[in-house]
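In what follows, a structure is listed as structure tokens, so that the remarks can point back to it.
All chains are named by letter (A, B, ...) in the order of the sequence lines, taking the proteins before the strands, and each is independently numbered beginning at 1.
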There are 2 protein chains.
Amino acid sequence: MKFGNQPSYSLGQRSASTKEALAGEGGNVTLVSQSTLGEINRGRVLQALYDNGPKSRAELARLAGVNRTTITGIVQPMIEEGLLVEGDAVPSDFKGGKPARPIYFNPEAPMLGAVLLLPGRIQTCLVTLSGEIKALTKAEFDPHGDRDMFLTTIKDTLSVTLAQAHQAPFGIGIASGGMIDSDNGVILAVNLAPVLTGLPLVDILQKHFSLPVVIDHHPRALLVGDRWFGPGRGQRTFAAIYTGEVLGGAFYIDGRVYRGLAGSGGELGHTVVQIDGELCNCGKHGCWETVAALPWLRREAARQGMENPETVTCARLVKGAAEGSEAADGLLDRYTRNVAFGILNLQQTLSLNSYVLHGDIAGGGVDAAERVRQHVERLVRKRPNQEISITVNGIGEGHTALRGAAGLVLSSHLKLVI
Amino acid sequence: MKFGNQPSYSLGQRSASTKEALAGEGGNVTLVSQSTLGEINRGRVLQALYDNGPKSRAELARLAGVNRTTITGIVQPMIEEGLLVEGDAVPSDFKGGKPARPIYFNPEAPMLGAVLLLPGRIQTCLVTLSGEIKALTKAEFDPHGDRDMFLTTIKDTLSVTLAQAHQAPFGIGIASGGMIDSDNGVILAVNLAPVLTGLPLVDILQKHFSLPVVIDHHPRALLVGDRWFGPGRGQRTFAAIYTGEVLGGAFYIDGRVYRGLAGSGGELGHTVVQIDGELCNCGKHGCWETVAALPWLRREAARQGMENPETVTCARLVKGAAEGSEAADGLLDRYTRNVAFGILNLQQTLSLNSYVLHGDIAGGGVDAAERVRQHVERLVRKRPNQEISITVNGIGEGHTALRGAAGLVLSSHLKLVI
DNA sequence: AGCAGTTTGTTTGTACTTCGCACAAACTTA
DNA sequence: TAAGTTTGTGCGAAGTACAAACAAACTGCT
């Protein structure tokens with residue numbers, strides 16, 4: 001399936017990107033041009049719409065403390081090209097005044113494609129500019145199988161989804177498990193799905209679909225999803241933490257997704273929390289993963305003689321504890337404490353204060369999250385005005401990851417810095 | 001067309017601060033104004049001069065990929081006000097052309113005041129815009145003594161230094177040990193110097209000297225000093241690590257000093273590396289500090305029956321190992337390995353790749369640094385293009401910290417983002 | 001010595017974007 | 001109906017980078 005001509009929006013393709021212009025290049029100097037200034041401010045107005053919902057031009061100007069004509073100069077071209085749309089007038093309040101016309105994302109605008117790629121499972125969908133998920137399609141693949149067969153599967157699945165878009169999407173975002181080089185669009189390694197190792201997936205899909213494609217690792221997609229329409233919405237600083245067969249994390253720092261070099265930041269599962277601890281599959285001892293991932297939970301459940309230890313999850317422990325099982329309560333406490341150590345280390349390092357849980361630990365709901373938070377509070381060094389928040393994302397992890405994957409396209413295509 | 005109701009986040013007013021304008025305020029969206037654009041680019045040209053040394057306007061324009069008149073528009077006002085100065089013409093090369101006149105910081109411009117405040121010791125000095133340290137003055141104070149006496153001492157010491165400036169300095173930067181709230185200019189706690197605990201030092205000195213005053217914690221000043229005229233010069237991402245009686249760190253991420261909320265990032269000494277480890281003076285077990293700070297080294301030296309264990313340092317161990325002492329070599333290896341765990345955790349979390357060592361571990365010179373690097377390399381998860389550099393700062397730690405303290409003033413006063 | 005070629009720094013006008021002011025449109029209230 | 005209030009737009013001012021042209025100051029060759 002090929003998409004030919006794409007809609008032309010004045011925001012255009014990613015060039016010497018806004019992010020780079022803001023940050024400068026290492027050793028070289030990059031100045032910010034007039035046109036980049038316009039891009040920065042366009043992205044910021046778009047983000048304000050996401051964070052605050054539909055708003056009139058006058059209200060946006062007030063919120064940002066700028067001139068009304070500035071806002072009009074920014075949004076009018078986007079209204080004309082169909083990215084934004086003007087809503088029905090809102091009746092004036094008791095003081096009178098002309099009714100305001102809130103502006104928001106146009107439901108008729110092109111959508112974003114999204115792929116969630118986990119060991120053995122593919123999900124694809126379309127995501128509207130207001131975050132609705134459509135045309136969800138699922139497929140399975142053999143994690144140890146043949147690469148060509150995998151590529152056929154992902155292309156077919158994506159084709160089914162994209163066929164339901166009435167216009168060429170802005171692009172395709174991929175959230176993938178494993179170790180990702182997001183700069184070069186390559187899946188470096190997925191221990192649980194060797195078929196993906198070394199796969200230059202971005203290039204392959206860009207060529208096949210003639211659409212821009214971006215990729216990032218799964219926790220980072222969760223983070224973007226949290227930030228866009230989840231608990232991280234409107235926040236300046238927070239982290240997403242994933243626990244499951246492996247552990248991972250992602251950071252939103254000072255209003256930007258932190259990636260590290262080539263997207264390598266956030267490999268929290270292989271930070272050491274017990275120097276002389278158990279051997280980890282990465283080859284060293286005492287990784288956080290050895291005491292806070294599902295394999296550890298299953299081993300401990302078996303050690304305690306619990307029923308069906310191979311199916312133990314945080315959710316099951318919370319349920320058991322609520323039903324009075326002391327074994328479940330005790331194991332849950334140890335598990336949440338072990339999870340807390342990784343979060344504690346993040347807090348002492350980066351002082352993010354706000355953590356959104358995903359994966360198995362999130363399956364334990366607010367009870368598990370509160371236990372983790374209490375463990376962290378007991379351990380962390382106290383400071384004035386330090387309030388640590390640990391929440392679970394109530395939206396559902398698959399949808400969050402897909403939204404996040406789509407959000408990756410937003411970042412690159414619309415200069416919207418999520 | 002109707003839009004559904006969406007939650008509204010409170011947004012602040014437009015910020016005049018360049019840093020805030022670039023990043024946006026938590027949940028708030030701040031647009032970048034024309035005048036802020038000018039400030040951003042002025043700061044960037046100044047940083048380019050620091051990173052590259054004296055350069056002609058034409059060369060700066062080439063480095064930045066911008067128009068020559070843009071550079072002139074930026075630097076000419078600074079030349080006129082005496083911040084920058086035009087040097088002697090440089091002879092043209094074999095192709096001819098008008099000789100270029102390099103521009104750099106004016107030696108006759110005002111200086112920066114700097115204070116280094118460690119338990120029991122005060123150092124003050126002036127720092128020129130090109131990083132030279134002048135009028136260095138030292139004093140001592142009783143860490144457990146009377147606050148008024150401490151304030152008298154620091155004011156007198158600073159007065160001696162400032163009396164040697166021919167013009168009012170741009171401001172005073174303070175590098176202080178302990179836990180610092182850099183937003184509010186308060187020293188929150190210094191375990192080794194209780195006289196400083198709770199001291200609103202910025203306010204006190206601003207009132208006394210009628211100069212702008214900024215404060216940050218010691219590792220962050222080291223970082224700024226590294227970035228300005230040390231191994232971090234021109235780098236986009238690196239960390240400074242301090243080992244001594246306590247441990248600390250600071251990060252330069254994506255071209256900016258990372259502070260965390262109220263300056264609380266970088267408390268690496270209290271990350272956990274051994275869940276069931278020794279009790280730390282912060283109240284929990286297994287902090288990195290319990291296995292990598294000088295108290296650990298002294299205890300281990302005593303346990304091994306080394307001579308004068310209370311004076312053991314990394315430098316002494318390196319010397320001992322070079323002279324054939326297997327005990328020194330063995331303890332040095334354990335020490336550098338323990339230090340490596342904290343750096344490893346940083347690398348897995350933030351992927352900074354470049355670490356500058358300070359304090360006791362730096363006293364071991366390149367030998368100690370190389371041992372740490374090898375330990376990290378053995379432990380870290382491999383990725384393509386990942387090269388980990390661990391260096392010591394050869395300039396001297398006191399000078400680096402003082403330069404860094406002065407650099408804090410540069411950041412705030414000249415909108416030069418170090 | 002004179003000329004062509006090259007490079008630097010400056011002058012002048014254009015382009016991009018935000019700011020400020022004024023006005024018309026569209027309402028509420030007395 | 002008139003006064004007051006708010007929204008969105010038109011127009012000119014202000015700030016800053018970009019582009020073209022020119023003069024100054026040099027090198028190398030004939």
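Between B:R62 and A:N41, the one whose closest nucleotide on DNA chain C sits nearer the 5' end is B:R62.
Residues A:V202 and A:I215 approach most closely at CG2-CG2, 3.5 Å, considering heavy atoms.
Here the P atom of nucleotide C:dT8 and the CG atom of B:D88 are 17 Å apart, to the nearest Å. Between B:L60 atom CG and C:dT10 atom P there is a gap of 13 Å when expressed in whole angstrom units. The distance between atom CD of B:E80 and atom P of C:dT10, rounded to the nearest whole Å, is 10 Å.
Of the charged side-chain nitrogens involved, none lies within less than 4.0 Å of a carboxylate oxygen, so that A:R403 and A:D226 do not count as a salt-bridged pair. We find that A:R259 and B:D254 are not joined by a salt bridge, their nearest charged nitrogen and carboxylate oxygen being 4.0 Å or further apart.
Residues forming a ring pair (Phe, Tyr, Trp, His ring centres under 6.0 Å) with B:F209 (at least two apart in sequence, or on another chain): none. The side-chain contact (heavy atoms from CB on, under 4.5 Å) test applied to A:A405 returns A:A114, A:A175, not counting sequence neighbours. With sequence neighbours left out, A:A100 forms a side-chain contact (heavy atoms from CB on, under 4.5 Å) with A:S56. In this structure, the side-chain contact (heavy atoms from CB on, under 4.5 Å) partners of B:N353, at least two apart in sequence or on a different chain, are A:L261, B:Q347, B:S351, B:Q386, B:I388. The salt bridge (charged side-chain N to carboxylate O under 4.0 Å, His left out) test applied to B:R220 returns B:D216, not counting sequence neighbours. Applying the side-chain contact (heavy atoms from CB on, under 4.5 Å) rule to A:D183 yields the partners A:D181, A:A262; only residues at least two apart in sequence or on another chain are considered.
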If you restrict it to nitrogen or oxygen atoms, what contacts under 3.5 Å exist between nucleotides 1-4 of chain C and the protein, and what is each distance?
none

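The span of DNA chain D lying next to chain B, judged by atoms under 4.0 Å from heavy atoms, is bounded 5' to 3' by D:dG15 to D:dG28.
Note on residues 93-105 of chain B: pairs passing salt bridge (charged side-chain N to carboxylate O under 4.0 Å, His left out), not counting sequence neighbours, are B:E86-B:R101.
In this model, the phosphate group of C:dT10 is approached by a side-chain N or O of B:R57 to a distance below 4.0 Å at OP1 or OP2.
Interface residues of residues 90-99 of chain B facing DNA chain D, ordered by number: B:S92, B:D93, B:F94, B:K95, B:G96, B:G97, B:K98, B:P99; criterion, heavy-atom separation under 4.0 Å. Shown for residues 64-74 of chain B: residues whose heavy atoms fall under 4.0 angstrom of DNA chain C, namely B:R68, B:T69, B:T72.
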Donor-acceptor pairs under 3.5 angstrom involving side-chain atoms of residues 61-68 of chain B: please list them, not counting sequence neighbours.
unit_1	atom_1	unit_2	atom_2	d
B:R62	NE	B:E59	OE1	3.4
B:R62	NH2	B:E59	OE1	2.8
B:N67	OD1	B:T69	N	3.0
B:N67	OD1	B:T69	OG1	2.6

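The ring of B:Y50 has its center closer than 6.0 angstrom to the ring center of B:F105.
B:I103 has its side chain out of reach of B:P54: every pair of non-hydrogen atoms, C-beta onward, lies at least 4.5 Å apart.
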